[in-house]
There are 2 protein chains.
Amino acid sequence: MPSKPLQRTNLKQLAQELGLSISTVSRALNDSYEIAADTKERVRQKAQELGYEPNPYASGLRSRKSKTIGLVIPEVANNFFSLAIDGVEEIARANDYHVLIYLTHESHEREATIIQHLAGGRVDGILMSVASESPDASHLATLVESNVPLVFFDRVGEGIATARVTTDDYASGYRATEHLIEQGCRRVAYLLISDTLSIGQKRMEGYRAALQAHGLPTDASLIVPGTLDRDQNTRRIRELLEQDPAIDGIFASVETLAISSYEACQQLGRRVPEEVKIISFSNLATAAYLNPPLTTIRQPAYEMGKKAAEILFRAISKNRPVLPTQSAELQSTLVVRRSTGG
Amino acid sequence: MPSKPLQRTNLKQLAQELGLSISTVSRALNDSYEIAADTKERVRQKAQELGYEPNPYASGLRSRKSKTIGLVIPEVANNFFSLAIDGVEEIARANDYHVLIYLTHESHEREATIIQHLAGGRVDGILMSVASESPDASHLATLVESNVPLVFFDRVGEGIATARVTTDDYASGYRATEHLIEQGCRRVAYLLISDTLSIGQKRMEGYRAALQAHGLPTDASLIVPGTLDRDQNTRRIRELLEQDPAIDGIFASVETLAISSYEACQQLGRRVPEEVKIISFSNLATAAYLNPPLTTIRQPAYEMGKKAAEILFRAISKNRPVLPTQSAELQSTLVVRRSTGG
DNA sequence: TTTATTTACGGAAACGTTTTCGATAAAAAC
DNA sequence: GTTTTTATCGAAAACGTTTCCGTAAATAAA
């Protein structure tokens, strides 16, 4: 025997049971002003009793409100994004909204198809952190055309007129580099994820500026682009350290590259921090318990997710487009630990 | 000026443009057998040209298929769940499905309201890992009544007749405890999350059995329940170690408790592994780089997410209920590192 | 040739809401 | 006593699909 259909209670049944019209019941449940208070109560009671749950697809179709937002991020196995999701979900729940999650795995192609689907009206708004592979933001233009509110967080798409929630990447890059220099580093390598990513660029600008300000050369060979493969990254860093033994500092612009750096140093027998000092952008919960404890620039990931969601919901509720002027820049904090210590 | 409405192209417009009826166009796009091949091609071309994207709420309403699954988990800032999400998303994408994510934060109340909403037809199926606070699975009964397919992974709801994807928790608990004993531990504490959680129970049974098998007492005071607050957990562990100085081994049934254990040992100046050995269920990517490197029982989180999703989609596509007989038990692996070393 | 059968398509109902447009009675204003 | 307003509700259209049913032409069977 196939599964029983089992009729879910709908407005019609509820109305019949109450001896009211469908429209009245609908209005009562939506707390309309034209329904008497006692009627509302009676309807609510019955709805509760019958376990009525409105069909989201019917109301979505009619009202053109999906009560859903899309969250598009590169990956989830990453503390920054995990914490951001947490913040987003918090605000969404507070607004009675649902969250669709999509992972691009840094692929431009995946990102483009996801966006195309979302432009079809499945969501009322989108929060995203762009994939490192994305060469530009042209695939996001359709979104703007479709009038789907969009807010970037951390990794922004250049040239799209919308709000962005970022951290002080330039200043953080500067501060991190300066910290290494103050700790005695004279030759600092910079590990980045992708050349097209604006945050990587900004952090690198800060890095460059700090080196110059302290009269240190900004050698192009010191800048190492990473890949999506951790082992390959480790290999590259190892090669870098072997080919340029003078390197005494590593600035990882992203968490995974810090882990690869630890790996590389371990494989080469380089002692951290005595021979090589390491600093990294990271939200690792275990940074303090690593060997040695990792000096990090911690982004307020949870707050960024919250902030981005708040901006999005303000636009959704007011039915206004998201403006670039609503952008916010939060502060990262430098947490000094032994990996850059004396 | 308020935002332009900007008509999204729909079937009607597409049909008009092609000189065909709505039904024909719909069937062509759904690759129906009653449409000529050349007509299909012509329709597809035009749809592409006009950037047609079907309205998910209209089709969801009519077809009673949401093309969406719900993923209900306690938290996301946890490597196990992050990896599981990854696996789930992978399979969902392969099946052209969307994923709604919900976080319970271990709250039974949140979990219950989420489930109630999802029973309303928003999703075609649900994957979940129950909250530690949930006293029983009675709130999941409505789901079964509503005929919404459900698959548990890792943390299962007892008494619900559906499939579950778990790991060999009893055997892992036994093996972990035995490993500590083999390394010389004679008094092993067990840290658990919640008494109601079946996985905690099973792991603990393995722990007890291993102690008994080696002629060691299973003292009730050695079993310490954790809370949701990390600092509080650290305090409790510290108190435990102070009150019972003979404790030379800690078995953490969950990742955060291992971190708290490190913290507690550090605060008390107890050396790991010389004075206290620590082992933990964990999917930490940085386990090998902790100080000291943490011996872990690693669950195949990614594979569990994939497997659970696969079981769910098999049920959805065949329109059959999920059967308990489809359950799967995967193997965890013990990764020995220095935290339990000589 | 006549009659079935198949092929390819159109018309219209249906999914369960929200919302516009009235309708009615009671209350208030005149 | 008549008109206007207010409060409360119902009928029906609409949202954009999918799908049931019907049908004309083309083909096959008789």
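As the structure is a prediction and not an experimental result, all values here were calculated from the model. Each chain gets a letter, A, B and so on, in the order the sequences are listed, and its residues count up from 1.
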Student: Not counting sequence neighbours, which residues clear salt bridge (Lys or Arg N to Asp or Glu O under 4.0 Å) with Arg110(B)? List them please.
Tutor: none
Student: When the aromatic ring centroids of His117(B) and Tyr102(B) are compared, is their separation below 6.0 Å?
Tutor: no
Student: Applying salt bridge (Lys or Arg N to Asp or Glu O under 4.0 Å), can you list everything that pairs with Lys40(B), at least two apart in sequence or on another chain?
Tutor: Asp31(B)
Student: Please report the end-to-end axis angle for the helix from dT1(C)-dA30(D) to dC30(C)-dG1(D), five pairs per end, rounded to 10 degrees.
Tutor: 50°
Student: How would you list, by chain and number, every residue that makes a salt bridge (Lys or Arg N to Asp or Glu O under 4.0 Å) with Arg44(A), sequence neighbours excluded?
Tutor: Glu41(A)
Student: Spell out protein contact along nucleotides 5-15 of chain D as letters: B when the base is contacted, S when just the sugar-phosphate is, - when no protein heavy atom is under 4.0 Å; keep the 5' to 3' order.
Tutor: ---BBBBBBBB
Student: Side-chain donor-acceptor pairs under 3.5 Å in residues 307-318 of chain B, sequence neighbours left out?
Tutor:
{"from": "Ser317(B)", "atom 1": "OG", "to": "Phe313(B)", "atom 2": "O", "distance (Å)": "3.0"}
{"from": "Ser317(B)", "atom 1": "OG", "to": "Arg314(B)", "atom 2": "O", "distance (Å)": "3.2"}

Student: Specify the separation, in whole Å, of atom CG of Asn30(A) and atom P of dT20(C).
Tutor: 13 Å
Student: If you look only at pairs with a residue in residues 11-65 of chain B, which of them pass as a ring-ring contact (aromatic ring centres under 6.0 Å, His included), with sequence neighbours excluded?
Tutor: Tyr57(A)-Tyr57(B)
Student: Counting the atoms with a prime plus P, OP1 and OP2 as sugar-phosphate, which does Ser59(B) contact under 4.0 Å by heavy atoms, base, sugar-phosphate, or nothing?
Tutor: sugar-phosphate
Student: Report the distance from atom CZ of Arg8(B) to atom P of dT17(D), rounded to the nearest whole Å.
Tutor: 11 Å
Student: Can you see if the side chain of Tyr52(B) gets near the phosphate of dT17(D) - specifically, an N or O under 4.0 Å from OP1 or OP2?
Tutor: yes
Student: Once you round it to whole Å, what is the distance between P of dT19(D) and CG of Leu11(B)?
Tutor: 12 Å
Student: Please enumerate all residues that pass side chain to side chain donor-acceptor pair (under 3.5 Å) together with Thr162(B), with sequence neighbours excluded.
Tutor: none
Student: Could I get the full list of ring pair (Phe, Tyr, Trp, His ring centres under 6.0 Å) partners for His108(B), not counting sequence neighbours?
Tutor: His139(B)
